[in-house]
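The structure under discussion appears below in the form of structure tokens.
Chain A is the first sequence line, chain B the second, and so forth, proteins listed ahead of strands; every chain is numbered from 1.
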Amino acid sequence: MLLIHCPYCEEARSELEFRWAGEAHIARPENIAAITDEEFAEYFFLRNNEKGLTYERWRHIHGCGRFFNAARDTVSDRFVMTYKAGLPKQPVPPAEKVSAIAEEKTVETWEATEGDAR
Amino acid sequence: MAKLGAGSIRTLPLAGFHGGSSAVRLEAAPPAERISLRAGAEDMAALSQALGLDLPVKPKTSAAAKGRTALWLGPDEWLVIDEGKGGLMQAAASSGVLHSAVDVSHRNAAILVSGPGASRAINAGCSQDLSLKVFPVGACSRTVLAKVEIVLLRTAEDAFRVEVWRSFSDYAFGLLAEGAQDAAL
Amino acid sequence: MRKYSVFAIAREAMRAHKGWEAQWTSPEPRSSYDVVIVGAGGHGLGAAYYLAKEHGITNVAVIEKGWLGGGNTGRNTTIIRSNYLYEESMDIYEHSLKLWEGLSQELNYNVMYSPRGVMMLSHNVHDQQSFKRHINANRLYGIDNEWLTPVEAKAYCPPLDISKTARYPINGAALQRRGGTARHDAVAWGYARAASDRGVHIIQNCEVTGIRRGPNGEVQGVETTRGFIGAKKVGVSAAGHSSVVMEMAGVRVPLHSNPLQALVSEPLKPIFPCVVMSNTVHAYISQSDKGELVIGAGTDQYNSYSQTGGLQIITHTLDAICELFPIFRRVKMMRQWGGITDNTPDRSPIQGVTPVPGLFVNCGWGTGGFKATPGSANLFAHLIAKGEPHRLAAGLNLDRFRTGRLIDEAAAAAVAH
Amino acid sequence: MSGSSNNLGAFRIKGAGRHTPARTARFTFDGKTYTAMEGDTVASALLAHGVHLVGRSFKYHRPRGILSAGAEEPNALIDVSRDAARRQPNVRATVQEVFDGAKISSQNRWPSLKFDVGAFNDLLSPFFAAGFYYKTFMWPKEAWTRVYEPFIRRAAGLGVAPKEEDPDHYANRYAHCDVLIAGAGVAGLTAALSAAATGASVILVDEQAEVGGALHFDASTKIDGRNGYDWAQAAAAKLKAMPNVTVLTRTTVFGYYNHGFLGLAERVTDHLARPGKSLPRERLWQVRAKRVVLATGSIERHMVFSNNDRPGIMLASAARTFLNHHGVAVGRNVGVYTAHDSAYEAAFDLKRAGVSIAAIVDCRAEPGEAVLAEARSLGIDVLTGHSVTDTFGRLRISSMTVVRNGGSNARKIKVDALIVSAGWTPSVHLFSQSRGKLRFDEKGQRFLPDIYAQDCVSVGGCNGTDDLAELIDEAIAAGGGSVALAGENRFDWTGGMIGAAEGAGPDTVVKAFIDFQHDVTAKDIRLAVREGMHSIEHIKRFTTNGMASDQGKLSNMHGLAIAAEVLDRPIPQVGLTTFRAPYTPVTYGTLINHSRGDLFDPARKTPMHALEAAEGAEFEDVGNWKRAWYFPRRGEDMHAAVNRECRTVREVAGVFDASTLGKIEVVGPDAAQFLNLIYTNAWDTLKPGKCRYGIMTREDGFIYDDGVVGRLAEDRFHVTTTTGGAPRVLHHMEDYLQTEFPHLKVWLTSTTEQWAVIAVQGPKAREIVQPFVEGVDISNEAFPHMSVAECTVTGVPARLFRVSFTGELGFEINVPADYGPAVWKAIWERAEAMGACLYGTETMHVLRAEKGYIIVGQDTDGTVTPDDAGLGWAVSKKKTDFVGIRGLKRPDLVRDGRKQLVGLLTNKPSDVLEEGAQIVADPNQPKPMTMLGHVTSAYWSENCGRSIAIALVAGGRARIGQTLYVPMKDRTIAVEVTDMVFFDKEGGRING
């Protein structure tokens, strides 16, 4: 069960209070009525589904009710940061990035061989 | 001929519910007036004045004055409870500023949980840290109690008010009753 | 390949089982193959087997990052059924079920397909309408699926609580008698052995790190941790990691990878004779040949590649199991685990050509890939061999997300297991 | 000798052990009564009476005894019951404490433990090599399901599942702490003392009944000059007295999940003879810890040699626990076989307690001089460089064969017990669960924690820290505080061996067990490798090594070492299988705790529920809600009741509880603009005081929800949703409002439960409602169909809607929920007097179907567009944007031949179609048939005097007038495609 820091409540709470809400920073096209079928499929269906650092949305649905954004490593499930909705994609601090990737690598080996020791 | 005033008898969702243990007392709170208040930061001063209390701006805090309590639920959302004369909708309307006030007096029921085991009883179903350091007197939060959503307000070191939607109130009461029993062990 | 039989066992028993040969070989990769399949799960190994057997293409390698059968093939709760709603789904799952019925003999490997019946519980009018819709569609399509009254359901599965006082009383059930379970590892091993015997190379501990494309965008092979391996055609069958592999070829797919959790109990003497599923209370359960109760829980709500998940997913499912089967409350959970499922927006798989010439994809099986193993593998082999989909898999193409012609089993059944 | 109440067993050693002889408990084992001391485990109590044979193995049904004294026990699994309903299979006898009155049985044997027919399997074992079942049972094909599988299944499994519902209850507690410490041995207690001194909140957990860990058996260690075990109890007492510390014994940390979240199972009553009724049997603790200290110690390994599984063979530390803690000798003439010094300590303790030691057989050539010297001084024979190559004794070991390593001269030594040690395996299970990464310690031949994935630290045995002083320093540092402690010990944890011992090597055919419960032997591992299983996971799955209920606590390292040897690869390259939760099995009841019965899932009831029940209503489940389904009168079945209700509503009127409809109050100056974006309809044209039916699609253009929306004021809308859709619709709206349209000044509030909703429908609806209404003129002219007003009804404030889901004149009275029952009573009293009825959801469904009104979720399924549903008129052609505007235009959504909702009339009026029935054009075509669609709604319509149906049919509207077919199992029903309005086609009644 994840522990998620809500940028509005300024506190980390149990995942039980939250609902995941998909990849972040996918803006609804302003001229949506005019886009092509391919563009629509891209907007509505296609997702990065990153292995590693991902930007995603959560809603503190049983808390303050706010949607917000998070940067998380999908291999370690570690949150790098959370930030309020409406803010642009926040860069991951270089140190975090390195550690996120390092962690991904270690865990990757672990999972790939189901517990192969170094 | 139909009796015009025949409808004005209230049937409370937790009427007849009581329970607890040697460590926890559980009771249904008397009816209260409640509004869900929504407004932007720029209009808070006017609304605070109209309501007669300072709407809290800090997450997880509440403010109380003259029988009214305002609970911070979100950055633009408060649950205002009036246990006195009422008039919340009118008061909010009199502020003259942009806001949304919706009467939810009957939407919620409240359960009062008190006694030395109160926080343990609630922790039977609520995952929040209810230590006094993290959840002091006056702290409040919307959260989850087992399978239902509640709003939790700490009214004293060993007393909480649990606000819950009425159709979930018997479930919440039942869960708290089991929690109360376990908290006494 | 030495044939497996009771006589072979008797012979080996006399000489301390020293005569068994390796079930598959572990060759060094060649510099190139006609076909490279990425992912040595049941689908990938099976596709290689059918390429060799039915299409005469034996210059094939199956490349696996870890150990064969170590992904979802070896982590699922092994439910087999074909009573889906839409024709596209019925086509492929029934094709699969028919192959299951003869798979042990086909592979000379006992995969322990056990048609003990899959019973889906109906708890309310809405369930009933939905199940009858399935039952009628299945019947007209030639697939067995029947409605049971609560009493009939209890007779089929005695531990079931059908009392009216239950929180969600059971008002009936849909039963597919040919549905059941199989031994998951045996499926991977059986295909691996049969494919290896036909000359297919199974290359384990070899991670694909890139997909090389030629001047016209066509696929030329795969970069791996053991060097470049050329291929005229590449088939990607990487389940939860499909997004990652397809991204290497610049193809985005509409997938979410979510950990799906499962658990087993301690071994018990036989008590549970079939497979039971309930969408309303979210649970599915069977008992393995070893005696463990095998229980499928939900998926974690977020994208993850971690194969671990939250305790709340497990407890939520056990709530439902104990509500349906109150006698199991004293049973103990022995092991929990997770697998990475690849979920599409319509909860139906994707199998088809891609914008990259020579690159084929088989993914999106979500929580239901095991039951499709032989059928999917068989049709994926056809797709790779012929360059176009078999009639039975034609609707599973990627293009449906552009046109909107979805196969929405999720909308039809709320949950597609 | 056993059976009398004061006979505590012939193997009790006077003066040994820590139990109080005065406190005894009687229990039965396989029907025979024994007396134990309180504090005994079932294992120690049985051993006290000389009982070693307690179970049978899984596959070969070999007689098995007690191997360990703890949670790692693979053999001694028993069935424990208090009464018929409180029966627990697969309990480890080494963990279960004896309580007075316990009924204990052995498992997996028939007809008796001593004579088990299943043991025939042992003779056939040459055939039952690992994975044999993959190679046979395939011919004839049918025989697998009819013969082989049922046979295999009958043989499988260990315990017998309970037959009755568990009457016990369980509890849950969420908790938070600064430091959680798993394990209360020297390391854990020290870390706890250190952490507690800083003022941090500490939870200290241990699976045993008392703290102390290895100090239970290790009698030589002294802490602060005191006996280690006594020091531990004192330390625990001190910790318990501190307000910031919680000490949980009999509690297992079974899972270490993400972000400092741990699952603990506390056994509350299983050791009590007469537990209080209010006590939960077990309690689940769900702890979020800022920091975790793992002090889980080590587990002793057994030796892998021929017939190493006979009852009477056990781990040296277990024998020492039985002696030093329980005061029980495991035999009178005990043999020792070891690759590690720890067995010497056990032998010394036993010898000093008066037990004869037949010999210490040490496979090492040169054990430490200190232990040899002590052995000499105690007069114990030590055979260094020797191995035990076989054992004898059918139901208990009687002798062992000892051979000099490399030699051939075997000699037989008589023993009645054999204690073994191959060394110690650090318990890294929780560390691995936390996703930490291990490294292989070449010198110690063990895996140790290396890279931590969470805020966690390992101390003591589980960290490979052997030296006591070092361990104490490490634990103090882990606690973050400072305590002064000094310890002295003589116990060395390193060393030993992994893999097969002498005589069980590659060229042998002996049964040298690795995994006792699953009967996995060294040769099975070799066979797996020979068959191409080179990954440790393949080996595990092929042999089932480590997959038994102990999850490989004893077997994993041995299996790994043998595999590495055959593969000729270093151990770290072969790898470890993943450690998964739970550490030891956890009861489902504990995991679900309060979620059973009424607390399984909230049953939502409307304010009028009790009144409806009093009127005889049957209820149906709709999502979480209980809704009144129909109101049968005396003698009526559902059909008769619904017919009467349907008729009465159209002839007179009916009263219906519509409270469960979702309600959302949309408030703000941009409310209409927001609704314009969310619904396909246009809302800016709707005037205050009016309502409109709205359709909501998602971005994909498929119908998502529908409902009537009333405009109360310029800036205030009362939105209704379907019953089941309320939460997701609000979530969907919030999503767009917060993230796509945040510039709009509008707020959303759920008011579903604020209002009780009483619908009055039928020609006399106005007459019924009229007298109660004040503040609005509800005449047809002043308050036509699709009007809304705020007024009072029966004296309470109300929102009154003139709407209809029946096609009749209708009102929906919304009153604050607490008033619902009183208003309902008043309305119903008058309605009843006028000949109206109460009606439920079934009648509502029929009446709306008669009018062709759809139910989202029944007539639509997430693949239906507004146009498919015949609601194209509700999609604004003028708006330039709304959610779904683009999705609706995708190729497949605008193609010809889409499935459309139409009416169906059976040729025979009395035929009622089955909801879900499929429709074809040609019923005689072969299977698989081409299906055109399906029946979404079908009813007997009392008002039409015939059946009616709604169906989704390919190209449906173009087929109106055609005959299609519904092939059922036993017959085919011909139907005519029609429009969807079956009653009052002109629609005049609604305006009545």
Taking every non-hydrogen atom, the tightest pair across Arg330(C) and Thr587(D) = CA-CG2, 3.8 Å
Taking all atoms of both residues into account, what is the closest heavy-atom pair of Gly857(D) and His126(C), and its distance?
-> O-NE2, 3.2 Å
When the ring planes of Trp189(C) and His538(D) are compared, do they come out parallel, tilted or perpendicular, using 30° and 60° as the limits?
-> perpendicular
Which bit of Leu158(D) comes within less than 4.5 Å of chain C, counting heavy atoms only: side chain, backbone, both or neither?
-> both
State whether Asp168(D) and Arg329(C) are salt-bridged, where the test is any N-O pair (Lys NZ or Arg NE/NH1/NH2 against Asp/Glu carboxylate O) under 4.0 Å.
-> no
Separation of His17(C) NE2 from Phe127(D) CZ (nearest 0.5 Å) | 8.0 Å
Non-hydrogen atoms of chain D under 4.5 Å away: do they reach the side chain of Leu107(C), the backbone, both or neither?
-> neither
Supply the atom-to-atom distance Leu68(C) CG to Met533(D) CE, rounded to the nearest 0.5 angstrom.
-> 8.0 Å
Report the option among Gly701(D), Gly724(D), Gly263(D), Ala603(D) that has the most heavy-atom pairs separated by less than 4.5 Å from atoms of chain C.
-> Ala603(D)
Minimal heavy-atom distance between Asp289(C) and Arg153(D), with the atoms involved, is OD1-NE, 2.8 Å
Go through the atoms of Pro602(D) and report whether side chain, backbone, both or neither lie under 4.5 Å from a heavy atom of chain C.
-> backbone
Closest contact, heavy atoms only, Phe132(D) versus Ile9(C) | O-CD1, 3.5 Å
Contact origin within Asp319(C) toward chain D - heavy atom pairs under 4.5 Å | both
Looking only at non-hydrogen atoms, find the nearest pair between Pro270(C) and Ala156(D) and report the distance.
-> CD-O, 4.2 Å
Could you tell me the separation between the CD1 atom of Ile327(C) and the CG atom of Asp166(D), rounded to the nearest 0.5 Å?
-> 11.0 Å
Of the backbone (N, CA, C, O) and the side chain (C-beta and beyond), which part of Tyr113(C) lies under 4.5 Å from a heavy atom of chain D, both, or neither?
-> backbone
What are the two closest non-hydrogen atoms of Thr308(C) and Arg580(D), and how far apart are they?
-> CG2-NH1, 4.4 Å
Glu94(C) portion near chain D, given a 4.5 angstrom heavy-atom threshold = neither
Hey, what do you get for OH (Tyr134(D)) to CZ (Arg193(C)), rounding to the nearest 0.5 Å?
-> 13.0 Å
Ring-face cation contact, Trp20(C) with Lys135(D), 6.0 Å cut, 45° max = yes
Flag the one option from Met14(C), Glu101(C), His123(C), Lys18(C) with the top tally of heavy-atom pairs under 4.5 Å to chain D.
-> Lys18(C)
Could you have a look at Arg183(C), Gln204(C), Met112(C), Glu21(C) and say which one has the most heavy-atom pairs with chain D under 4.5 angstrom?
-> Met112(C)
For chain D, which of Gly338(C), Gly69(C), Cys322(C) has the most heavy-atom pairs under 4.5 Å?
-> Cys322(C)
